[in-house]
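Here's the structure, in structure tokens; my notes come after.
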Amino acid sequence: MTGTSDNKALVRRFVHEIFEQLRPDAVDELVADDFVSHTWPSDGDSKSALRRATESMAAALRDPRFE
């Protein structure tokens, strides 16, 4: 069973590795296979869409921070 502190740690890691470090390879490790995107367009494969969105952010942003 996953506790609240484990869930919080996972969300922090997700934000850090995907949205701050802009690591598309982290998507496979941190996102469930049945993930559904409600934020960016997806062709039915939301994990691939998140990888592409992360790559696009990496090309456009420098040193993003979330606080």
Side-chain angles (χ1 to χ4, degrees):
M1 181 190 278
T2 303
T4 301
S5 61
D6 293 333
N7 289 338
K8 287 179 180 181
L10 180 61
V11 170
R12 286 186 186 106
R13 185 174 169 211
F14 175 91
V15 170
H16 179 70
E17 292 187 27
I18 294 175
F19 290 123
E20 289 184 335
Q21 292 183 333
L22 301 170
R23 292 187 44 228
D25 59 304
V27 171
D28 288 323
E29 183 179 348
L30 297 172
V31 177
D33 290 334
D34 60 352
F35 167 72
V36 176
S37 169
H38 296 284
T39 307
W40 48 85
S42 175
D43 59 2
D45 184 353
S46 291
K47 283 178 77 168
S48 289
L50 177 55
R51 276 197 261 358
R52 286 190 305 271
T54 304
E55 291 165 352
S56 293
M57 287 185 291
L61 301 174
R62 266 194 221 174
D63 197 29
R65 303 254 185 236
F66 286 77
E67 295 185 26

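Residue indices begin at 1 and follow the sequence shown.
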Hits for side chain to side chain contact (heavy atoms under 4.5 Å, CB included) against R13, two or more places apart or cross-chain, chain-then-number order -> E17, E29, L30
Qualifying residues under side chain to side chain donor-acceptor pair (under 3.5 Å), relative to E20, sequence neighbours excluded
H16
Mind checking what makes side chain to side chain donor-acceptor pair (under 3.5 Å) contact with S37, not counting sequence neighbours?
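Expected list: W40.
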Taking only residues two or more places apart in sequence or in another chain, which ones pass ring-ring contact (aromatic ring centres under 6.0 Å, His included) with F14?
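Only F19 meet the ring-ring contact (aromatic ring centres under 6.0 Å, His included) criterion with F14.
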For the salt bridge (charged side-chain N to carboxylate O under 4.0 Å, His left out) test, which of D25, D45, D28 pairs with R51?
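So the option named by the test is D28.
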Could you report the tightest heavy-atom contact between L22 and P64, atom names first, then the distance?
CD1-CG, 3.9 Å
Partners of D33 by salt bridge (charged side-chain N to carboxylate O under 4.0 Å, His left out), sequence neighbours excluded?
K47
Any residue meeting salt bridge (charged side-chain N to carboxylate O under 4.0 Å, His left out) with R62, in chain and number order, not counting sequence neighbours
none
Test of understanding: clusters of I, L, V, M, F, W, Y form through side-chain heavy atoms closer than 4.5 Å, transitively. Do V36 and V27 belong to the same one?
no
Using modelled atom types and a 3.5 Å cut-off, is there a donor and acceptor pairing between side-chain atoms of D63 and backbone atoms of R65?
no
